[in-house]
2 protein chains.
Amino acid sequence: MNTKSEPETAAAYDPGAFDRPSVTVDVVALTARDDRLHVLLVRRGVWPFEGQWALPGGFVKMDEDLYAAAQRELCEETGVPAATYLEQLYTFGAPGRDPRTRVISVAYYALLPGPGGGPACAEPEAGSDAAEARWWPVDALPPLAFDHGEIVATALSRLRAKLGYTSVAYALLPEEFTLSELQRVYEVILARPLDKRNFRKKMLAADILEPTPRQRRVGAHRPAQLYRFTRREAVLLD
Amino acid sequence: MNTKSEPETAAAYDPGAFDRPSVTVDVVALTARDDRLHVLLVRRGVWPFEGQWALPGGFVKMDEDLYAAAQRELCEETGVPAATYLEQLYTFGAPGRDPRTRVISVAYYALLPGPGGGPACAEPEAGSDAAEARWWPVDALPPLAFDHGEIVATALSRLRAKLGYTSVAYALLPEEFTLSELQRVYEVILARPLDKRNFRKKMLAADILEPTPRQRRVGAHRPAQLYRFTRREAVLLD
DNA sequence: TTAATAGTGTCTCTTAGACACTATTAT
DNA sequence: ATAATAGTGTCTAAGAGACACTATTAA
């Protein structure tokens, strides 16, 4: 490599002079459906962990932004469209976490609206290296390849935390929704029931929602007011 | 690379088949001294950005844990002993952030006690690739190499946030300290004055401090009770 | 005695959480 | 009428923040 204090040009720098770790991105895509929180997994079609379920992910291209790599791998491997929300989670780099070679994985988590939430949450279909792709309920996951169990756990705790002090929930809901639907999303993620009156009071006071001119009428009961988030981005609450 | 569904052995896998980004760690080492928050910077002795100030950091070794790499680079480049607290911050990987080649940097932030805080905060001295190493007040930094300005800003906002809901402050203080010293650390980091009575009330109620049998007597005034953190680790408050 | 810092309580306001009934609709 | 969900208000407890004086020491 460079010797001390000798000016060099970019051309003279030899990036191949060292053994270098590989870099991947892995994506924990989450959605709420059937009153449960789900993660998108792919069944691996190749060694290692062939046949086991894993997070969608893959090698970062040489001139590709990490965020872009995460979006790309998510779409390529699972066929779902771009995530509504995608945020870097943590970088997992323990030597030995991948039997092939040293692989450092920059993990992202993605949020998508549930079914009926528009085109953003189409059903997955396996792409590239994946034999199969589908949503799994987070409370009943199969054994995961690599350290992906740990990555999923990290994503869940981050999502639960962020739900409390930001408006990220927008990314799990369609454009318009009822307050009951919003509450169900919170309950599913936090895995505990919330008081209806306190929930509505807090949400409406947070100044992140606005009523739309529409109502939703389904079933033999009073129709519900539809709301939308005033901003489709994660803003800090309070 | 691997073709679909063909089992292979680790030996048959060729990690050199692709161009791969390089991976570095960069460390934002922070300490409170002279009533200001400081970052540890090194002046670069080599191209690129030769002569400019930068974060200590360097390439991750092939079999080295990321955390270990961060500790190592911090010590090697600046001569300071192991950080009291060291946590992964964020991974910066924009193509073009390093003129040499594609470099993905896993940033860590480190906390060290101020001078007089025992051996853990010795004065820095330049090592390996660095021409010079010294503490800089965060509110008066020189121009930084690469995207290191952004990395420092990220570290500061993370530290400010964590200060509010954990006991990380322990890492910036010596084993024993007065409540006034603790408050000064908070004020320096948050860059605003705090009410003495409210601060003490909250800290003592948080059940993370215990009085020691000692007092500190300096100057012509009442001596102060010395306290220590009951646990030398970052615990959640409330 | 003075100068300098240590140490201490109360009141107010806001927020979080417990808690139960009426309104509207389709059948 | 009934069943099903939408929608609504009050009270209490805890925490956050404003605010000013006494205690102890060295010089």
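Since the structure is predicted, the reported quantities are computational estimates derived from the model, not experimental observations. In the text below, chain A, chain B and the rest are named by the order of the sequence lines, each starting its count at 1.
Taking the side chain as every heavy atom from C-beta outward, B/Thr178 and B/Gln225 never approach each other to under 4.5 Å. A 4.5 Å side-chain heavy-atom check between A/Glu181 and A/Tyr227 finds every atom pair outside the cut-off. B/Thr24 is not listed as a side-chain neighbour of B/Ile104, based on a closest heavy-atom distance of 4.5 Å or more.
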Which letters describe nucleotides 17-27 of chain C, given B = protein heavy atom under 4.0 Å from base, S = only from sugar-phosphate, - = neither?
-> BBBB--BBBB-

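For B/Tyr186, the ring-ring contact (aromatic ring centres under 6.0 Å, His included) partners are B/Phe199, not counting sequence neighbours.
The nearest whole Å value for the distance from the CG atom in A/Leu194 to the P atom in C/dT15 is 19 Å. Taking atom CG of residue A/Asp207 and atom P of nucleotide C/dT15, one finds them 13 Å apart after rounding to whole Å. Atom CZ of A/Phe199 is separated from atom C1' of D/dG9 by 18 Å (rounded to the nearest Å). For the pair B/Met203 CE and C/dG7 C1', the interatomic distance rounds to 17 Å; values are reported in whole Å. For the pair B/Asp238 CG and D/dA16 C1', the computed distance is 11 Å after rounding to whole Å. Atom CD in B/Gln183 sits about 13 Å away from atom P in C/dT5, given to the nearest Å. Distance, A/Glu181 CD to D/dG7 C1': 15 Å, rounded to whole Å. Separating the CZ atom of A/Arg200 from the P atom of D/dT8 is a distance of 7 Å, rounded to the nearest angstrom.
Residue A/Asp207 places its CG atom among 12 or fewer non-hydrogen atoms of other residues, nucleotides or ligands, all under 6.0 Å distant. Summarising the local packing, CG of B/Asp238 is surrounded by 12 or fewer heavy atoms from other residues, nucleotides or ligands at distances under 6.0 Å.
OP1 or OP2 of D/dT5 has not a single side-chain nitrogen or oxygen of A/Ser180 nearer than 4.0 Å.
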